[in-house]
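What follows is a short report on a single structure.
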Amino acid sequence: MRLIENGLIITLNQDQIITDGGVVIAGKLIKDIGKSQDLKENYDLEITEVIDARGKIVLPGMINTHMHLYSTFARGMALEGNPPQNFIEILEKLWWKLDKALDLEDVYYSALLASIEAIKNGTTTIFDHHASPNAVAGSLDMISKAVNEVGIRANLAYEVSDRDGREIREAGILENERFIRLCQQQDNELLTASFGLHASFTLENETLEKVSRLTKELDTGVHIHLAEGLADQEDSIEKYGLRVVERLAEYGLCNEKMLAAHGVHLSPKEVEILAKSNVNLIHNPESNMSNAVGYTPIVEMLKKGLTVGLGTDGYTTDNFESIKVANLFHKHQLQNPSIAGVEVPQMVFKNNRQIAAKYLKHPVGSLEEGSYADLIIVDYQPTTPITEENYYYHLLFGISGGMVELTMVNGQVVMQDREIVGIDLQKIYQEGRSRAQRLWSRL
């Protein structure tokens, strides 16, 4: 067994703070939490390794409930012609050009690099949503290879869409089905899967019917972009006479395992449908602001009982950054400085944990007996005392991903002293830059 000792433990479980605290880890799970001295006395003969966290903060690893690992190679990519003026142009000029240019090796390296950055920023669980229309078959295997090498916990999905024709759509459906069955057979607790869909405006009724049938058979949910741009609603109303959520609900896709990213342009009725169906809506504030798609009224959504989590949509791998932006975004939009102090921590530290629990055997996102040993040690010297009443404001204003010194996933140290274990970073980053340059030349 391992013992992490002498840290200030923030359990994120019932707001518990333990000074001079310790965490006992047995295999992949947390066995006990308490005062370091008590734990050493109780488990003296069983402890084989001690990690000293003296003067540092011990936290659960962060959970990112909507991510695009393939977005790695978009960083710094030049766009031809006039800059995009709306969300559809952003898709056409940036993301749909990028995903079509990816080959399987690009898929692997983009996932590898993004997973490394996530681990360095203290994220231990990612729900990824992937697209590579010209390299569909085996793409989820390449991502799983990358995340397994880094050691991060991941839920993977391939983005099914009708935008590239029937053949590619069918390949996407098969890739999801194959990979979901593989994950279920392998029973790998670090790797799970959901069924990826792009968005209502690129999905025909025939596709929704097929996917609905398969998700019921596979006992899984869909990971989909939901009313991210207004065009999604306009398309659904014009073609089908239904709003997006009403259309998806007709096919039985709205359930407790649905991961619905964004939800910017939803009616009150749609929010009620989602809440009654126990759907998980994932808020992505940085992406929404960057794409200028609009404002997601999370305060009202949470009041109506909708489970709203927090993701990054590939905009960043630093969840601490996303927390800071979410806090400012809603204060500014509603012109109310008291907003977001309750809602944002609820999304990050309660709802993200509940969402992950729907796909995992043991809890993540809190330090408690029986949870996965997914945790981080942060080198943060507080300027004021940390208490059960104010710890969130230290996380909000004081801590950033770059302060993470150690990251542990499933009881294994995957980063120590800011160095990723077992990874030749210089070689990987060099290859990543080289592949990005070649990919850009193909656009």
Side-chain angles (χ1 to χ4, degrees), residues 66 86-92 95-96 129 131 157-166 168-170 172-173 176 194-218 220-284 287-288 291 293-298 300-309 311 313 355:
H66 181 65
N86 55 56
F87 180 57
I88 296 300
E89 288 189 6
I90 291 171
L91 293 177
E92 292 173 343
W95 298 114
W96 290 352
H129 192 276
Y158 184 86
E159 175 189 287
V160 172
S161 171
D162 285 293
R163 67 180 163 97
D164 297 303
R166 182 180 296 269
I168 292 177
R169 178 198 70 182
E170 290 302 312
I173 291 173
N176 277 296
S194 48
F195 209 111
L197 292 173
H198 175 242
S200 173
F201 74 96
T202 65
L203 295 164
E204 298 175 359
N205 283 343
E206 179 187 359
T207 306
L208 295 182
E209 186 176 349
K210 284 186 175 184
V211 172
S212 175
R213 188 167 58 249
L214 279 169
T215 53
K216 289 181 176 65
E217 180 183 336
L218 297 168
T220 192
V222 296
H223 189 166
I224 186 172
H225 298 100
L226 186 73
E228 179 178 4
L230 188 57
D232 201 14
Q233 288 288 13
E234 292 172 342
D235 177 87
S236 185
I237 293 167
E238 179 182 347
K239 290 180 180 177
Y240 309 105
L242 296 168
R243 294 183 69 84
V244 168
V245 171
E246 295 171 331
R247 182 178 179 226
L248 297 175
E250 279 205 342
Y251 288 94
L253 293 170
C254 296
N255 56 48
E256 65 172 6
K257 285 192 173 182
M258 183 186 209
L259 297 165
H262 302 290
V264 178
H265 298 280
L266 297 178
S267 69
K269 180 182 176 182
E270 287 177 290
V271 173
E272 289 179 8
I273 293 171
L274 295 177
K276 288 179 180 178
S277 304
N278 297 316
V279 166
N280 313 288
L281 185 78
I282 314 303
H283 181 41
N284 302 274
S287 170
N288 292 165
N291 292 332
V293 293
Y295 173 73
T296 309
I298 62 152
E300 293 303 314
M301 290 174 168
L302 289 166
K303 285 180 180 178
K304 290 184 178 181
L306 181 59
T307 300
V308 183
D313 198 31
I355 292 165

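Everything numeric in this text was worked out from a predicted model, so none of it was measured.
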Min side-chain heavy-atom separation K304-P268 under 4.5 Å: yes
Beyond-backbone contact of T296 with V264, side-chain heavy atoms, under 4.5 angstrom: yes
Donor-acceptor contact present, side-chain S236 to main-chain L242, <3.5 Å: yes
Steps toward side-chain contact (heavy atoms from CB on, under 4.5 Å) verdict (R169, T207): CA-CA 8 Å; R169 178 198 70 182; T207 306; 2.9 Å; yes
K276 atom NZ, neighbour heavy-atom count above 12 within 6.0 Å: no
Which atom of M258 lies closest to which atom of C254, heavy atoms considered: SD-CA, 3.8 Å
Minimum side-chain heavy-atom gap R247-K239 below 4.5 Å: no
Nearest heavy-atom neighbours spanning L306 and A275: CD1-N, 3.8 Å
Distance (rounded to the nearest 0.5 Å) between L226 CG and L253 CG: 11.0 Å
Cationic N near anionic O, under 4.0 Å, E272 to K269: no
Gap separating the CG atom of D232 from the CD1 atom of I224, nearest 0.5 angstrom: 7.5 Å
Spacing of E246 atom CD and L248 atom CG [to the nearest 0.5 Å]: 10.5 Å
Distance (rounded to the nearest 0.5 Å) between L208 CG and E250 CD: 10.5 Å
V160 and F195, any side-chain heavy atoms less than 4.5 Å apart: yes
CG on L266 to CD1 on I273, rounded to 0.5 Å: 10.0 Å
For D313 against S287, the heavy-atom pair lying closest together: OD2-OG, 2.5 Å
Side-chain touch S267/R243, heavy atoms, less than 4.5 angstrom: yes
Donor-acceptor contact present, side-chain N278 to main-chain N255, <3.5 Å: no
Sidechain-backbone polar pair: N291 side chain, F87 backbone, donor-acceptor under 3.5 Å: no
For L281 against G263, the heavy-atom pair lying closest together: CD1-CA, 3.7 Å
Min side-chain heavy-atom separation V211-Y251 under 4.5 Å: no
Option among H223, H129, H66 that satisfies the ring-ring contact (aromatic ring centres under 6.0 Å, His included) test with H262: H66
Nearest-0.5 Å distance, NE2 of residue H265 to CD of residue E234: 9.0 Å
Which atom of S161 lies closest to which atom of H198, heavy atoms considered: CB-CB, 4.0 Å
Check: N280 side chain, T307 main-chain N or O, donor-acceptor pair, under 3.5 Å: no
Backbone N/O of S212 and side chain of T215: donor-acceptor pair under 3.5 Å: yes
Heavy-atom side-chain proximity of D162 to E206 below 4.5 angstrom: no
